[in-house]
Amino acid sequence: MVGAVGVSGYALFALVTTLPAMLPVTDLGAGAALTEAVVRDTSREQRLVRGTILSSARNLMCAGAVIATTGVIMALLGMWDKALGEASQPGSDLTVAVASVLFGCSMPLGLSKSVLLAVNRNEVSFLLQGAGSVLQLALVLLAVGLDAPTGVCVAAGFLSQCAVNAAGVVLAGRYLGMPLLRMIVRSVRKGALNHGVPIAHLALPMTITTAAAAVAYSTDRLVLSHTANATAVAGYSAGAQFFTPAVGLLSAAGLPLWALFARRRRSSGAPRRQLARLTGYFAAGSLVLGIGIVLIGPLAGTWMMHERIRVGTDLMVAFAALLFVQAVACPANMWMTDAAGLRFKAITFSLMAVVNLAVSIPLARLGPEGPVIGSVVSFAALVLVPTLLRAFRRT
């Protein structure tokens with residue numbers, strides 16, 4: 001792609017396609033609420049599950065509409081060019097406006113991921129994620145082959161997300177035994193309000209946690225865009241191409257623990273040994289993956305950039321360290337998904353996001369690895385250590 005749109009075009013593509021990760025609206029806490037509902041609801045009618053789906057879908061429909069409208073208004077006012085900093089190009093306003101509309105449409109369809117998590121069919125969610133990556137690559141290659149502008153490549157990424165989420169709704173509805181797409185569409189009707197259930201006690205702290213993590217990690221490119229240049233953004237993005245799949249594998253391995261621990265909390269027995277054993281497994285697995293990205297990342301990343309940008313070993317070591325601290329904390333984070341645990345996580349992740357942004361700005365002077373180092377330090381001090389201490393005290 002760099003060969004077709006250049007370093008600045010790739011920087012714009014990487015920056016815009018990661019903007020949604022900065023929003024505190026991944027699923028508005030639907031995953032936490034639905035998992036708890038599925039564990040608790042043993043009735044044949046599944047009224048609690050149905051009510052949770054209606055409440056979650058309505059929130060996501062409203063949030064998607066707000067995001068699409070906001071993106072278009074900011075584009076009409078010419079605000080996106082300034083927000084994107086050095087990565088901005090002519091037509092950036094239109095590019096982000098289209099991306100905002102597509103992302104807003106995909107949000108309620110993304111409820112399928114929360115449903116698949118709740119019914120413990122994470123392998124299906126993982127396969128859909130892989131299919132989305134393949135579809136995005138195919139659409140981007142088609143756009144590049146047709147010599148389309150960078151904005152079309154950006155839109156291709158969001159269009160693939162919509163398509164995969166739509167397919168996920170169909171599959172999730174079958175696993176759940178409910179007309180999920182119809183429930184999502186009807187969730188905004190006035191009568192649907194009477195069938196919803198309160199989910200704020202789980203959804204709100206989960207949303208805060210997700211938002212804090214998004215701000216902590218997804219602002220790295222923006223920080224580099226404003227304190228460095230497009231070359232630094234592109235170099236960071238090239239390195240992240242190896243870190244992101246590793247984190248995805250970590251998440252896929254950790255998600256089944258969510259439902260498992262939710263059931264264990266409702267039964268007798270304290271899984272301290274199980275939690276310690278899983279923490280060791282995740283730490284060992286992340287070390288293997290980290291060594292792999294340190295050895296492969298610099299050479300492969302520089303090759304991906306057509307040798308216009310050098311992906312340094314320092315950057316990949318920083319990403320490997322970030323992967324390690326996140327992996328060690330993963331089982332404990334999955335254990336703390338009840339209401340009390342989620343409130344604690346909301347506090348720690350919020351503090352981490354603030355500190356991470358504060359230290360990443362001066363560290364960005366070191367180069368692309370600077371913000372990653374800031375993420376490692378802030379996560380280890382404000383999330384990893386407090387979460388492990390609290391989790392093992394509660395088991």
Side-chain angles (χ1 to χ4, degrees), residues 1-2 4-28 60-113 128-129 131-169 181 184-185 188 214 218-219 221-222 225-226 230 233-234 237 240-241 244:
M1 183 174 178
V2 175
V5 300
V7 172
S8 59
Y10 177 73
L12 176 65
F13 173 84
L15 186 57
V16 175
T17 52
T18 54
L19 280 177
M22 296 172 57
L23 300 171
V25 289
T26 304
D27 66 354
L28 291 178
L60 290 168
M61 289 277 280
C62 294
V66 170
I67 290 172
T69 303
T70 302
V72 171
I73 292 175
M74 289 181 65
L76 293 175
L77 296 176
M79 299 174 64
W80 284 115
D81 277 331
K82 295 180 180 179
L84 294 174
E86 291 292 328
S88 177
Q89 289 186 346
S92 293
D93 284 313
L94 177 60
T95 297
V96 183
V98 173
S100 300
V101 172
L102 290 174
F103 179 72
C105 293
S106 71
M107 276 198 62
L109 299 177
L111 183 64
S112 59
K113 299 176 184 177
L128 285 172
Q129 183 180 353
S133 299
V134 173
L135 178 59
Q136 177 179 341
L137 177 61
L139 292 176
V140 170
L141 289 177
L142 177 61
V144 170
L146 296 175
D147 199 23
T150 305
V152 176
C153 297
V154 174
F158 287 90
L159 183 61
S160 64
Q161 183 182 18
C162 279
V164 169
N165 284 350
V169 167
L181 181 59
I184 292 174
V185 173
V188 292
S218 301
T219 53
R221 289 178 175 87
L222 276 179
S225 180
H226 285 275
V233 177
S237 301
Q241 292 294 318
T244 302

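Keep in mind that what you see is a predicted model, and the values were worked out from it rather than measured.
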Side chain to side chain contact (heavy atoms under 4.5 Å, CB included) involving Val98 - partner list, sequence neighbours excluded: Leu94, Leu102, Ala155
Compare all side-chain heavy atoms of Asn165 with those of Lys113 and state whether any distance is below 4.5 angstrom. yes
Closest approach of Leu128 and Val164, non-hydrogen atoms and distance? O-CG1, 3.4 Å
Taking atom SG of Cys162 and atom CE of Met107, what is their separation to the nearest 0.5 Å? 11.5 Å
Using distance only, find each side-chain donor-acceptor pair of residues 64-79 under 3.5 Å and give its atom names and separation, not counting sequence neighbours.
| unit_1 | atom_1 | unit_2 | atom_2 | d |
| --- | --- | --- | --- | --- |
| Thr69 | OG1 | Ala65 | O | 2.8 |
| Thr70 | OG1 | Val66 | O | 2.7 |

Residues which pass side chain to side chain contact (heavy atoms under 4.5 Å, CB included) with Ser160, listed by chain and number, not counting sequence neighbours: Leu135, Gln136, Leu139
Without swapping roles, check the side chain of Ser112 against the backbone of Leu109 for a donor-acceptor pair under 3.5 Å. yes
